[in-house]
Q: 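To start, I am sharing the structure in question, which I have written as structure tokens.
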Amino acid sequence: MRAQAPGGGGGPRPARSRVARPLPPRPGRPELRQRWLVGIAAVVVLVFLVRLVHVQIIEGPALAQVAEQKRTATAVTPAHRGDITDANGVVLATSVDRYTVIGDPRAIKDFRGAGRPTVDGEEVEDGALGIAQLLAPILDVPKNELAAQLVGDTSYTVLAKNVVPEVQRAIAQLKIRAYVRTDLTSRRTYPSGTVAGSLVGFVDDEQTGRGGIEAAYDDLLAGTAGSDTYERSLDGLRIPAAGQESVPAVPGDDVQLTLVHDIQWKAQDAVDEAKRASGAEYGIAIVQDTRTGELVALADSGAVDPNDRSTAAVAAGSRAVKDVFDPGSTGKVITMAAALEGGHWTPESRFTVPYSFTTPNGQTFHDSHHHPTQRLTLTGVLAQSSNTGTVQVGEKIPLQERQDYLEKFGFGKPTGLGLPGESVGIMPPADVADWDGRTRYTVLFGQGLSVNAMQATSVFSTVANGGVRMTPTLFKGSTGADGTVTPAERAPGERVISQETADTLLEMMEAVTEDGGTGVNAVVPGYRVAGKTGTAQMPAGNGWTYMASFIGVAPADDPRYTVAVFLKSPHSSIFGGDVAAPVFSDIMGFTLQKMDVPPSSTQGKRFKTEW
């Protein structure tokens with residue numbers, strides 16, 4: 001046995017363990033940290049540099065453009081619309097400067113009233129109420145009502161229109177351009193009121209012609225709008241040193257009409273009185289210079305005032321070109337012209353004229369009055385306005401010739417006035433083979449076709465002008481902003497009948513206004529008058545009505561003017577010699593005196609009216 005070690009332990013001694021001592025910390029490496037920091041900084045700088053390059057070089061132009069657009073404003077400068085004047089320069093239409101007041105409710109939310117002078121002793125509040133405090137006394141509207149208009153999410157709301165310059169200047173002195181601005185506009189005014197009111201027309205809110213002369217000559221009157229482009233600050237004020245560009249507006253031309261203001265007034269007054277006295281539905285009066293075709297007056301009863309836009313009447317236009325009707329007996333002048341020009345009859349050709357006449361094809365016609373059988377010359381047929389006699393006159397005139405003369409005298413064609421709403425009338429079929437058995441005769445005495453008042457008047461002016469038809473016109477010329485006057489271009493006249501035929505027919509028409517004629521009420525003291533009465537039947541609902549008329553020229557020995565008068569549905573009498581002829585005398589007498597036309601100094605031929 002192995003002896004036991006002292007101490008009682010018999011086993012081997014355990015080995016002595018070693019404890020690991022921690023190593024001392026290594027010294028720091030600042031260069032590594034610096035590298036990281038420099039790297040991170042370089043990356044950040046690079047990112048910013050890339051972004052800067054992108055913004056400055058790539059996006060720069062676009063961003064600059066956006067910024068410029070935000071601070072750039074363009075104001076439209078309206079062109080001054082040209083005036084409309086009569087032949088002597090009397091203004092019928094003109095334009096005056098006005099302003100539209102516009103608010104910006106979005107911007108007004110940020111308005112601060114602090115620091116502003118008090119209004120009516122009260123501090124100016126913020127926002128819409130504060131702007132309303134400032135504006136209400138100037139615009140003369142209730143403060144609360146105005147404040148309600150200034151609240152919203154829009155940047156454009158119209159607060160007032162047609163503001164006069166004095167009010168605009170008062171708004172400008174408030175220095176609230178960032179919230180409220182005033183835009184220059186224009187307002188059309190008509191100083192002559194109802195004189196030529198139905199003829200002059202009107203403009204819309206954009207100052208564009210929408211009726212009458214305003215529409216017919218809009219291209220001359222309108223001009224070209226200009227513009228003013230500038231940069232503005234956040235408060236809406238113009239930046240003086242910033243770039244700006246202005247394109248000046250080009251004013252419209254002034255348009256001069258051939259109308260004479262005083263004669264236009266007289267014509268309107270005369271037809272208004274005739275309408276009242278006769279109980280007619282309406283009246284029309286035309287005064288035309290026979291030598292040039294220029295209209296001296298074109299009048300409608302009940303003429304409107306273009307300054308009054310409370311009704312649609314201002315847009316109605318002139319009945320002288322709009323309404324059509326059978327010419328009636330005034331159309332017999334064309335038949336007489338064809339009879340003389342074609343050599344079919346002479347002024348003293350003889351006719352037996354009964355009250356009732358039946359044509360070879362079985363059509364029966366009557367005169368307007370019962371009468372025993374008369375023995376009339378061609379002149380007498382015209383002077384007595386006999387339908388049955390005119391039918392006999394026409395039997396020698398071929399159908400195509402009847403059609404040709406209607407067209408030569410301007411029926412079925414535009415008058416040339418160019419007024420909106422004009423009707424060319426209604427003609428029988430272009431192919432005379434399609435005329436029925438009655439139409440071939442009714443056209444001889446002004447029935448079976450329809451014309452407007454201007455077309456009917458032009459027939460008489462053509463005869464008075466030696467047989468040469470001049471295109472009717474209202475346009476005398478225009479004047480540019482620089483004072484350049486451009487006269488109207490005149491189309492050459494078109495010969496319809498010979499001078500000899502015209503002179504003969506004019507002398508025959510004098511018999512109408514002499515004793516025994518239907519137009520004795522058309523006499524103008526001191527002047528020889530040639531003309532023709534008319535009473536045309538017109539459909540009206542389920543029945544019939546009449547257009548009573550008289551068209552004549554004076555002086556017959558040296559024609560200067562044609563005057564035409566039309567009255568629809570007169571109650572006192574349906575005959576033109578009764579109701580229209582006296583109005584003709586009144587207007588013609590005034591015109592001859594106004595235009596200093598000397599009285600007649602010679603006597604005309606007296607063709608026999610009976611045999």
Side-chain angles (χ1 to χ4, degrees), residues 86-88 257-267 270 285-299 320 330 333 337 409-410 415-417 453-454 456-476 488 490 492-497 499-514 519 522-532 550-565 580-605:
D86 83 336
N88 298 317
L257 303 181
T258 60
L259 299 179
V260 175
H261 180 278
D262 289 354
I263 298 177
Q264 176 72 28
W265 168 83
K266 177 61 178 180
I286 298 174
V287 182
Q288 184 178 26
D289 188 319
T290 61
R291 300 176 180 181
T292 64
E294 295 177 348
L295 295 187
V296 180
L298 187 67
T330 59
V333 171
F409 276 100
T415 63
L417 292 178
M454 187 67 251
T457 304
S458 187
V459 172
F460 289 73
S461 293
T462 299
V463 175
N465 193 40
V468 177
R469 182 178 184 274
M470 305 299 293
T471 301
T473 183
L474 282 161
F475 182 55
K476 194 174 187 68
R490 291 283 186 263
E494 178 184 355
R495 180 160 293 283
V496 177
I497 55 178
Q499 178 78 51
E500 181 183 0
T501 296
D503 291 345
T504 301
L505 180 54
L506 202 62
E507 290 169 348
M508 290 172 59
M509 289 162 57
E510 282 192 73
V512 175
T513 64
E514 295 173 349
V523 169
V524 178
Y527 297 89
R528 289 168 53 187
V529 175
K532 184 69 189 76
F550 185 90
I551 310 175
V553 300
D557 47 322
D558 185 18
R560 288 293 310 278
Y561 296 101
T562 300
V563 170
V565 176
V583 187
F584 163 91
S585 176
D586 188 21
I587 296 173
M588 180 62 88
F590 182 91
T591 300
L592 295 173
Q593 294 293 325
K594 175 70 179 178
M595 304 307 282
D596 294 323
V597 178
S600 298
S601 57
T602 62
Q603 294 293 325
K605 293 179 182 178

Q: Checking the side chain of S458 only, and the main-chain atoms of M454 only, is there a donor and an acceptor separated by less than 3.5 Å?
A: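 Not at all, since once roles are kept as given, no pair shorter than 3.5 Å links the two residues.
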Q: For A285 and I587, work out which heavy atoms get closest and say how close.
A: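 So the two residues come closest at CB-CD1, 3.7 Å.
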Q: Any heavy-atom pair between the side chains of F409 and V333 that's under 4.5 Å?
A: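 They are not in side-chain contact.
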Q: Measuring from R560:CZ to T292:OG1, what's the distance to the nearest 0.5 Å?
A: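 The distance works out to 9.0 Å.
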Q: Once rounded to the nearest 0.5 Å, what's the spacing between atom CG of D262 and atom NZ of K594?
A: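 The distance works out to 4.0 Å.
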Q: Quick one: are R490 and T473 in side-chain contact, heavy atoms under 4.5 Å?
A: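 They are in contact (side-chain heavy atoms under 4.5 Å apart), so the answer is yes.
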Q: Quick check: does any side chain N or O of T290 sit under 3.5 Å from a backbone N or O of P559, one acting as donor and the other as acceptor?
A: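 Pair found, side chain donor or acceptor close to backbone of P559.
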Q: Can you find a side-chain donor-acceptor pair between Q288 and T457 that sits under 3.5 Å?
A: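 Looking only at side-chain atoms, T457 and Q288 do not form any donor-acceptor pair under 3.5 Å.
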Q: Check A337 against T501 and note the closest heavy-atom contact, atom names and distance.
A: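 Heavy atoms of A337 and T501 come nearest at O-CG2, 4.0 Å.
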Q: Determine whether L592 and P555 make a side-chain contact, defined as any pair of heavy atoms from C-beta on separated by less than 4.5 Å.
A: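 In short, these two side chains touch, coming nearer than 4.5 Å.
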Q: If I compare all heavy atoms of L506 with all of V553, which pair ends up nearest, and what's the gap?
A: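 What the structure gives for the nearest pair is CD1-CG2, 3.5 Å.
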Q: For a quick test of reading the model, state the closest non-hydrogen atom pair linking F475 to A488 and the distance between them.
A: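 Nearest heavy atoms, F475 then A488: O-CB, 3.3 Å.
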Q: Is it true that, when you exclude Q499 itself, more than 12 heavy atoms of the residues, nucleotides or ligands shown sit nearer than 6.0 Å to its CD?
A: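 For Q499, atom CD is crowded (more than 12 foreign heavy atoms under 6.0 Å).
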Q: Look up atom CZ in F460 and atom OG1 in T562, then write down how far apart they are to the nearest 0.5 Å.
A: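 So the gap between those two atoms works out to 9.0 Å.
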Q: How far apart are the closest heavy atoms of V583 and A270, and which atoms are they?
A: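 Nearest heavy atoms, V583 then A270: CG1-CB, 3.9 Å.
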Q: So, taking the atom named CD in Q603 and the one named CD in E510, what distance separates them when rounded to the nearest 0.5 Å?
A: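 Q603 atom CD to E510 atom CD measures 8.5 Å (nearest 0.5 Å).
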Q: Can you tell me how far the OH atom of Y527 sits from the OG1 atom of T513, to the nearest 0.5 Å?
A: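 Spacing of OH (Y527) from OG1 (T513) equals 15.0 Å.
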Q: Would K476 and D86 pass as an ion pair if we require N to O under 4.0 Å?
A: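 Salt bridge absent between K476 and D86.
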Q: If you look at every heavy atom in Y561 and V287, which pair is closest and at what distance?
A: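 Minimum heavy-atom contact is CD2-CG1, 4.3 Å.
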Q: Nearest 0.5 Å, what's the CG-CE distance between D289 and M470?
A: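 D289 CG to M470 CE: 9.5 Å, rounded to 0.5 Å.
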Q: Restricting to side-chain contact (heavy atoms from CB on, under 4.5 Å), what partner residues turn up for T602, sequence neighbours left out?
A: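 Partners of T602 by the side-chain contact (heavy atoms from CB on, under 4.5 Å) criterion, ordered by chain and then number, come out as R528, D557.
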Q: Looking only at atom types and distance, does a side-chain atom of T258 sit under 3.5 Å from a main-chain N or O of L295, one as donor and one as acceptor?
A: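 It does hold such a pair.
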